[in-house]
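Because only heavy atoms are used, hydrogens play no part in the values below, and waters and symmetry mates are left out as well, while side chains stay in.
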Amino acid sequence: MERDDVRRMLRAVRAGKLGVEEALHSLRTLPLDELGFAVVDTHRALRRGFPEAIYGPGKTPQQIVAIMRSLREAGQSVLVTRVGADVFEAVRRVEPRAEHHEIARAIVVRGKRRGALRPGVVVVTAGTADLPVAEEAALAAELMGQKVERIHDVGVAGLHRLMAHVRTLTRASVIVAVAGMEGALPSVIAGMTDCPVIAVPTSTGYGAGAGGQAALLAMLNSCAPGLTVVNIDNGYGAGCSAALINSRRTRR
């Protein structure tokens, strides 16, 4: 159940079209669903504006399917992150509408459409190797109702590639900048735009990059103000943050 569902229910109770006990029955299982191996937070969509996501690694396909079914019974969209084709096959057997986003390594089952997508979010990658993390960010933001523009492979090794997209960048309300190697791209973008920039370090890089730690430290030590940094490869977290920022802007 999401915010719009609760609003409709309360209006129906006020109008006398729905009984109090019937509404109470619908709300009774709202906070959580205990599955034994997991406690599904079915209240999160109402509390935060977006449902709980399912982090795939460490879970069996059967566990993922069970959690997904719980979220679907609560009327919510489903996002499963960091999974491959084997999990998708298990999910598709019980949910034919499931979508496999191969580059993002994610599975999506969409709930009811909640109106037009909000423009304003731009996701930028330094290189092609950063695409899986960037697509995870874009997909998360889109499921939270945002219209996402994508700009790929515009890292600082060829800065002229980035400059070709200045108009898009300067019109954005929030930018997610995804980069590995030395992690310089977010600093450059934050220095040329006036909107919040969310930096995502990726584990792309050679030995001394230390699995993304070099990019993370570079972003944390950026001299460009207004730059916020999430954890290494955390596209989902960046996409959620971008959606929350953009949603606040468009409510005014």
Side-chain angles (χ1 to χ4, degrees), residues 50 52-61 64 79-88 99-108 121-144 146 148-159 161-162 165 169 174-191 196-224 226-245:
F50 54 95
E52 178 179 8
I54 303 171
Y55 179 70
K59 297 181 178 70
T60 66
I64 290 172
L79 171 63
V80 187
T81 64
R82 306 299 169 94
V83 291
D86 56 333
V87 176
F88 175 62
E99 307 168 9
H100 184 206
H101 294 258
E102 187 174 359
I103 294 176
R105 299 167 295 181
I107 297 170
V108 170
V121 177
V122 177
V123 175
V124 188
T125 61
T128 304
D130 301 316
L131 273 172
V133 175
E135 280 301 300
E136 182 179 274
L139 189 59
E142 286 172 342
L143 286 173
M144 290 177 63
Q146 313 307 307
V148 179
E149 293 188 70
R150 294 162 169 81
I151 300 173
H152 294 317
D153 197 22
V154 291
V156 299
L159 204 54
R161 299 176 300 179
L162 180 66
H165 299 279
L169 294 172
V174 55
I175 298 170
V176 177
V178 185
M181 298 292 188
E182 83 289 4
L185 179 65
S187 293
V188 173
I189 293 175
V197 177
I198 303 168
V200 189
T202 70
S203 50
T204 302
Y206 293 103
Q213 291 188 46
L216 172 63
L217 290 173
M219 294 172 186
L220 288 172
N221 286 281
S222 172
C223 64
L227 185 67
T228 300
V229 186
V230 299
N231 210 343
I232 299 169
D233 291 336
N234 189 10
Y236 171 72
C240 290
S241 295
L244 287 170
I245 292 169

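- Pairing each heavy atom of Ala224 with each of Gly191, the nearest pair is CB-N, 4.1 Å.
- In summary, of the residues considered (Val108, Ile103, Val123), a side-chain contact (heavy atoms from CB on, under 4.5 Å) with Leu139 occurs for Val108 alone.
- Between Thr125 and Asp153, the closest heavy-atom pair is OG1-N, 3.0 Å.
- The heavy-atom pair separating Met219 from Pro186 by the smallest distance is CE-CG, 3.7 Å.
- Side-chain atoms of Ile64 and Ile107, non-hydrogen and from C-beta on, never get closer than 4.5 Å to each other.
- Between Ala215 and Gly183 the shortest heavy-atom distance is CB-CA, 3.9 Å.
- Across all non-hydrogen atoms, the minimal contact from Val230 to Leu216 is O-CD1, 4.0 Å.
- Taking CD1 from Ile245 and CD1 from Ile198, the interatomic distance works out to 4.0 Å, rounded to the nearest 0.5 Å.
- Using a 4.5 Å heavy-atom cutoff, the side chains of Val156 and Glu182 are in contact.
- Summarising the geometry, atom CG belonging to Leu79 is positioned 11.0 Å from atom CD belonging to Glu142; distances are rounded to the nearest 0.5 Å.
- The side chain to side chain donor-acceptor pair (under 3.5 Å) contacts involving residues 206-223 comprise Ser187-Ser222, where partners must be two or more places apart or lie in separate chains.
- Expressed to the nearest 0.5 Å, how far CG of Leu185 lies from CD1 of Ile151 amounts to 9.5 Å.
- A donor-acceptor pair under 3.5 Å links the side-chain atoms of Glu136 to the main chain of Tyr236, judged by distance alone.
- By the neighbour-count criterion of 12 heavy atoms within 6.0 Å, atom CD of Glu102 is sparsely surrounded, having that number or fewer from other residues, nucleotides or ligands.
- Of the residues Asp130, Val178, Val200, Thr202, the one that meets the side-chain contact (heavy atoms from CB on, under 4.5 Å) test with Asp233 is Thr202.
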| Trace of the salt bridge (charged side-chain N to carboxylate O under 4.0 Å, His left out) decision for Arg105 with Glu135 | CA-CA 9 Å; Arg105 299 167 295 181; Glu135 280 301 300; over 6 Å; no
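- When all heavy atoms are compared, the tightest approach of Val188 to Leu162 is CG1-CD2, 3.8 Å.
- We find the OG1-CG distance between Thr204 and Leu131 to be 9.5 Å, quoted to the nearest 0.5 Å.
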| task | Could you check Ile54 against Val83 for side chain to side chain contact (heavy atoms under 4.5 Å, CB included), going step by step and ending with a plain yes or no? | result | CA-CA 10 Å; Ile54 303 171; Val83 291; over 6 Å; no
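- Between the side chain of Arg161 and the backbone N or O of Gly155, at least one donor-acceptor pair lies under 3.5 Å.
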